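Structure first, commentary second.
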Amino acid sequence: MHVTELTAFLVPLPLKREIKHASFTRTESINLLIRCKLSNGTIGWGEGVPRPYVTGETPEGCLQQLSQSNLHPALMQSASNWPEVIAICDALQFNNDSDDSRGCGSNSLRCAVELSLLDAFGRHFGQPVSAVVPHVAEAAEIHVRQPRVRYSTTITSSGAKSERISALKMRAYGFAQCKIKVGVDGQDDPSRVARIRRWIGGGVDLRLDANEAWRPEEVAEKMRPLREFGVTCIEQPVAHDQVDALASLRESIGVPIMLDESLTSRMDAERAIELGTCDLFNLRLSKCGGFLSCLRLAALARASGLGYQLGCHPGESGVLSAAGRHWASSVRDIRYLEGSYDRHLLTTLPTQEDITFRYGGWAPALDSPGLGVTIREDWLRQNAKAERTFVVEAQ
Ligand SMILES: [Mg+2]
């Protein structure tokens, strides 16, 4: 069995509310959806979320890279088991002619193509995508099977009244963990965090994400009043080009540091480990180049004594939510888990199934073949702003 056709769609997904953090504000997400067809007609779907300020990719740039890449040598290989599917995914070579010194310039594209293959072959094998994990050699130490997983929530900067309402809602919903976006210009973070802590309650694990907002010399000072509220982590306090400074600041900052914008690839991960700039990696499937790459990065973190979370991009559809679910229910010791916000964030679900997490952030592992979600193809074709098909072999 081999791949005969890939079709790429760019689809704008409107968000129910504005998402605001220190480096960006958005009201819609333009996602790359890939439809993969196998030689027996089985269809699989993958998704990537290109963000220029994260990996330098744009939606249109992904289509261009896809048309310039020679994927035939990899896609012509046939596969009848998971190790052969992994071999195909690992052989995918994307043609990225921009400066890609961190090895991340095709990550969301790779994620979308890889997931479409995993979904298609999983359907063909009659197995869920999570069944690939035991076949990834590097992932032996992190593999586990969990019947359900628990998602965290996030409070973005939105004014005192709506933050109070958000905190109360999240308390009522029974979340165990909450991330607060800090570092937005004009906001008084100590009073925001105090207010959220008061309303969400003392039992919720609170952490912060500064989205590169601070200068290295001010991080310790910014964190001093925030530490009082029992925060368990600060994510990406400084800009990526200043990230090396964190190595000498960790002690004075006083809470574990997570890298996000500075953690996109194996190259980034090895540098962070070598310099000692962090305690945790924020792995996101699209940002970090897909399902397999994230498994290997988590294994590398664990072997280096670091922790990891599985994060997400606001605006991911059910395809990436499902992929995240398979990943999270197969990996041990995930410090925080984000994703599956679907119904809470998107005005329309492109998938037939609604796999949004439930009360408390809980959600079951998915055990249908492939990713376990079905794209509403008519809706997609009506709403896509670009569609391009790449034939792998004349049929
Ligand atoms: Mg972040």
Side-chain angles (χ1 to χ4, degrees), residues 15 18-26 29 48-57 102 104 107-108 111 151-158 166 175 177-185 187 189 192-193 196 205-216 219 222-223 226 231-243 246 250 253 255-265 268-269 272 277-289 293-294 297-298 301 306-316 320-321 324 327-328 334-341 345 361:
L15 306 180
E18 183 183 85
I19 300 288
K20 187 175 183 183
H21 59 65
S23 52
F24 211 85
T25 300
R26 67 171 58 255
S29 176
V49 185
R51 300 277 199 251
Y53 55 90
V54 182
T55 60
E57 296 170 280
R102 292 167 64 193
C104 65
N107 277 4
S108 66
C111 176
Y151 290 91
S152 149
T153 184
T154 298
I155 296 183
T156 55
S157 173
S158 53
S166 293
F175 283 111
Q177 300 176 329
C178 175
K179 172 153 113 180
I180 305 173
K181 294 286 193 178
V182 295
V184 174
D185 270 348
Q187 299 280 352
D189 286 327
R192 290 183 59 234
V193 177
I196 291 168
D205 179 319
L206 279 186
R207 66 190 188 281
L208 310 175
D209 184 357
N211 288 101
E212 311 188 288
W214 298 329
R215 297 188 308 276
V219 179
K222 294 275 189 191
M223 282 301 297
L226 302 175
V231 297
T232 57
C233 172
I234 172 71
E235 185 175 331
Q236 197 72 39
V238 301
H240 173 65
D241 59 11
Q242 296 179 306
V243 72
L246 292 175
R250 276 166 72 188
I253 291 170
V255 298
I257 295 172
M258 181 186 293
L259 295 188
D260 182 8
E261 286 84 346
S262 292
L263 199 291
T264 60
S265 62
D268 282 351
T277 49
C278 72
D279 303 279
L280 297 139
F281 292 168
N282 183 353
L283 305 174
R284 301 194 258 172
L285 297 175
S286 177
K287 178 190 73 165
C288 297
S293 169
C294 282
L297 290 170
L306 304 183
Y308 43 86
Q309 79 157 23
L310 184 68
C312 70
H313 292 283
E316 294 179 355
L320 270 167
S321 296
W327 199 95
I334 298 174
R335 180 66 182 86
Y336 313 97
L337 173 60
E338 298 168 0
S340 285
Y341 295 120
L345 262 189

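In this chain, numbering begins with 1 at the start of the sequence shown. What you see is a predicted model, and the numbers here were worked out from it, not measured in a lab. Start at 1 and go down the list; that is how both ligands and their atoms are numbered.
- Tyr151 and Ser340 are linked by a side-chain donor-acceptor pair at a separation below 3.5 angstrom, with hydrogens and angles left out of the test.
- Here Asp209 reaches the Mg ion (ligand 1): one of its N/O/S atoms is less than 2.8 Å from the metal.
- Shortest distance from the Mg ion (ligand 1) to Glu235 is reached at OE2 (N/O/S atoms only).
- Val243 is not listed as a side-chain neighbour of Glu261, based on a closest heavy-atom distance of 4.5 Å or more.
- At least one donor-acceptor pair closer than 3.5 Å links the side chain of Glu57 to the backbone N or O of Ser108.
- Considering just the N/O/S atoms of Asp260, the one nearest the Mg ion (ligand 1) carries the name OD2.
- Under the 3.5 Å distance criterion, with hydrogens and angles disregarded, a donor-acceptor pair is assigned to the side chains of Arg51 and Ser29.
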